Structure formats: C-alpha cells, structure tokens
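The block underneath contains the structure these notes are about, expressed in structure tokens.
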Amino acid sequence: MEAKELLLHEVKQNDVTIINDKNNDTTNDLNSANDDNHLINLEKGDPTMFCSYWKKLDNECSVTIKASELISYTINHKEADFFGQMPEFVEAVKRVHRVVGNAVTEGRYVIGGTGSSQLFLVALRALASSVRKTTNGSNSSNKRIPVVCAEPYYSFYKEAMEQEKSELYEWQGDANTFKPESNNPYIEVVTSPNNPDGRSRKPVVKGEGGVVMYDLAYYWPQYTPITSPADYDVMLFTLSKTTGHAGSRMGWAIVKDQEIAKKMKKQIWLTIIGSCQEGQFRATKILQFVADRYEHASYYKPPNNMYVPKLFQIEGVFDYGHRILAQRWEKLRAIVQRIGVLSLPDFSPGFCNFFQKPTSSVPAFAWVECKTVEDAEQITKKLKIKTRIGSRFGSSVSERFIRVSMMGDDHDFNLFLERLSSLATMELS
Ligand SMILES: Cc1ncc(COP(=O)(O)O)c(C=O)c1O
C-alpha cells in the first residue's frame, strides 16, 4: 500500500461511526418513507425505547476510554479468584439496588457477565455441580440435574440449554407438571415478573432436593411495583432491562453462597478469561448516574434562580420507563377492547416502595391471546408484524398466544397500533 493510501486507510479505520443505531434519525426517516411495507419487528425484547431518554443526557453521561486504558487482562488484584471484575462495577450495582430497594446485596457476591444470558448458564453449571455433590456426597453420578420453569417460560432457557447439551443438567420443561423423584436434586428457574406474561411468580415445585434460581431481569420500578428487596440465593439482573443498554452486554448475578460464587467466577475465568472491561466501565458510569439522579434529587428542589444540573432537570430513567410503558399499555388496551378479537392479561396495582405510591404493572411484553383463530401468527403476518409465537414459551402453550415487545422505539410501536386497529375491519377466519 502506498503511504498516502495507507494514511487514508488508517483515517477510515479510526473514524468509527455507529451505522446501525436503531434510533438513529436517518433510520426512522427511511422507515417512514416505506411505512406500508415495513415489517415491524416486535419479536425480540430490544429495549430501544430508552434511546430517546439517554439522547437528552449524552453530554452528561458518556464514557471515554483511551487507547492506552484497560489493556491488561487483570483488574482487581485484590480478589485473587476473579481478576476480571472491576470493584467500581460491583459497588455501582450494589448502590443502584440500595437506591431502588429491589434486592439485598449486603454480604452477597456480585458477579458480572456478558449479559444475564451468559450468567444464566454459568449459574446453572455452578448450582448443578453443587447439588449433585450435596446429594450424592461425590461428583460421580452421571445423572443430569433436571432444570424446569413454569410455562409460559422465557424461550431462551430451553433453547440455550438444548443448544449447550450440558453433561451436568438438562432441560425438563414445565415446572407445573414436573414431579421430582423422592429427594432427588433439581433446579427451578423463577422469572419474576415473568417473560412473556408479566406475572409475578414464586416457585411451584414441591421437592426436598431442589434449588431455585431467580431471573429478576424485570424487577425494576418501570415494569412492576417494587414491594420488597428480593433476597434469594441466586438472583440474575441485566443492564439491558434496567437502563436499556442491551448492547453493552452486561448482566450481574447476586449470589449468597461463597462456593457457588467461586464456581461461577472460575467458570467465567476459564471460558472467557473474565468479563468485558469496557462493558463494566460503561455499566458503572450509567448505574452511578442513575443512583446519583435518585439519591440526590431531593437536594435539588432549589429556589427559582438557582442552577440545577441537567441530571436533575429531567425525569429519572425509571420514571421515564414507567411513563412510556404505561402510555403504551393504555393505548394498546383501548385498541384491543375496540377490536374485540384479542385479549390481554390484567394486573392489579400494588404499592411501589420506590415510587412511594401505588403503581400498575406495565410489563416489557404484551402476552396477547387471539380469541378467534388457532394460530395468532396468521393475523400478525397479515399485518406485517413480527412477534414470537406462544409455542416457543412451552410445549403446551397455545399458538393462540403471541408475545409482543413493548420496548421498541416510538415509530414502530405507533405503526403497530395503527395496523392493529385495522383488524376491526378485517375478516378473520
Ligand atoms: C427474563 C430475561 N432474562 C434474561 C434476559 C437476557 O438479558 P441479557 O440482555 O442480559 O442477556 C432477558 C432478555 O430478554 C429476559 O427477558
């Protein structure tokens, strides 16, 4: 390569632009030009509704990582068993939970991972190997530990486990029909609020040898009233559903037992040599920002002419999330009621300790039942709306159900409502 070409090449390499941002204005303009043909993708729980919130705070909440920074594999030399964990990240996680009051973290181990998706499998492995040991006294049994979750369950659990084909545990489906043999070990996954139907949940299997893992991805005040701090042995959370930053791929597990925590850290170290430091760095900044906003907001009710930092001029992210979701649910319910052929779950309001008032559950997904046809996708395909079909959430879940993401951007959500309204005049059979 000639020197000039090389220089140009380098300049291009350095000029990193984000070309695939779903909320980028250009993308939306292009979408609106082709609205009638645009396939609305509400199949994934992509939390892009948070983009317009964060856009207002770009100058207040951003991270810069210099080329010379975060070079080493190791960060935390004090914690000999997990070199890849930033102490600031652990502190930020604990602080945000303290501020929100949705989980007990004192005296618990916080383990960061590549989204809670990675931690789900890491925690299963740790739990499965420990229950095998406890029940058999040794690790010699070849029996795989059954893993169950009540239907309808988050489709990822089954699909990830079947893909992984672990020698330690195996997916056994619906917890409601699972009968553990005598006091044999099993793992029950409890997702609360649940994906796909938004219900609060408790374990359903009654067995002696079971352990429970809680996926609390949606136990945040924007989705559901926070009634008490969750205090379970293994709890999973994720930045993607807390603040909307799914692309950072940061999740965390809060673990009571030291041995389980050790196993999880070892697994992460041996498989990916520690969690991504850039991800932890960004998550730390965002979580601290959120905690600051809520912890110090009350100091900033100053007289008119006093300077108020931008952080306190706009609503907090949980208020924003709850407000947007509540508006969307209200609009969706009104349309569903008008067209008659669909139904939605109802939720009773509860007192939210975080907002200090009663709030309604406004889940991240709508679990929609179609009352007139056997296959709800028949309808959504006609409307060019991509959703996730009920059978993905359990073998006995009817295909009359579909899961629709409520967390997408405004453009797609409004188009979705518009197309749904047209059902009132469409013939369905
Ligand atoms: C219940 C539940 N748990 C975990 C996850 C995964 O989150 P992450 O983005 O951290 O992988 C999701 C994502 O949709 C989810 O719905």
Side-chain angles (χ1 to χ4, degrees), residues 22 41-51 89 93 96 102-103 110-124 147-161 163-164 171 175 187-203 212-220 222-224 230 232 234-254 264 268 271-272 275-276 278-280 282-283 286-287 321 325 361-367 386-388 390 392-394 397 402-408:
K22 269 205 79 192
N41 193 342
L42 302 176
E43 198 258 343
K44 288 196 168 51
D46 202 2
T48 52
M49 72 172 203
F50 288 96
C51 186
F89 170 71
V93 164
V96 89
N102 62 341
V110 172
I111 302 161
T114 310
S116 66
S117 302
Q118 182 201 20
L119 292 165
F120 175 74
L121 294 174
V122 168
L124 275 185
V147 181
V148 294
C149 182
E151 287 184 355
Y153 47 70
Y154 175 33
S155 48
F156 167 86
Y157 301 150
K158 171 180 190 280
E159 291 162 11
M161 264 182 257
Q163 170 74 17
E164 195 199 14
W171 178 248
I187 300 171
E188 178 173 358
V189 182
V190 173
T191 317
S192 186
N194 191 36
N195 171 0
D197 63 7
R199 303 256 179 240
S200 292
R201 287 188 150 187
K202 289 192 164 31
V212 182
M213 176 158 94
Y214 282 82
D215 184 341
L216 303 180
Y218 303 97
Y219 192 49
W220 291 100
Q222 64 270 43
Y223 307 110
T224 192
Y232 304 112
V234 179
M235 307 186 271
L236 301 181
F237 289 92
T238 166
L239 193 68
S240 62
K241 304 305 180 313
T242 309
T243 63
H245 295 88
S248 294
R249 307 304 303 123
M250 280 309 301
W252 57 92
I254 301 173
M264 290 179 67
I268 294 175
T271 50
I272 57 165
S275 317
C276 170
E278 277 89 347
Q280 290 182 64
R282 187 171 187 221
I286 292 163
L287 293 175
L325 285 169
S361 282
V362 283
F365 298 100
W367 186 233
K386 197 167 176 208
T387 59
R388 196 170 292 184
R392 293 263 306 269
F393 301 91
V397 180
I402 44 164
R403 189 196 75 172
V404 179
S405 169
M406 299 290 282
M407 294 177 283

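Numbering starts at 1 and runs along the sequence shown. Every number for a ligand or one of its atoms is a count from 1 in the order of the listing. As the structure is a computational prediction, the values presented were derived from the model and not from experiment.
Under the side chain to side chain donor-acceptor pair (under 3.5 Å) criterion, Ser116 pairs with no residue, sequence neighbours left out. Tyr214 pairs by the ring-ring contact (aromatic ring centres under 6.0 Å, His included) definition with Tyr232, not counting sequence neighbours. In terms of the ring-ring contact (aromatic ring centres under 6.0 Å, His included) criterion, Tyr219 has no residue partners (sequence neighbours excluded).
Looking at heavy atoms from C-beta onward, Leu325 lies in side-chain contact with Met49 at the 4.5 angstrom threshold.
The aromatic rings of Trp252 and Phe89 lie perpendicular to each other, with more than 60° between the two planes, well past the 30° mark. In this structure, Tyr154 and Tyr157 have perpendicular ring planes: the angle between them is above 60°, well past the 30° mark.
Under 4.0 Å from any atom of ligand 1, one finds heavy atoms of residues Gly115, Ser116, Ser117, Tyr154, Thr191, Asn195, Asp215, Ala217, Tyr218, Thr238, Ser240, Lys241, Arg249.
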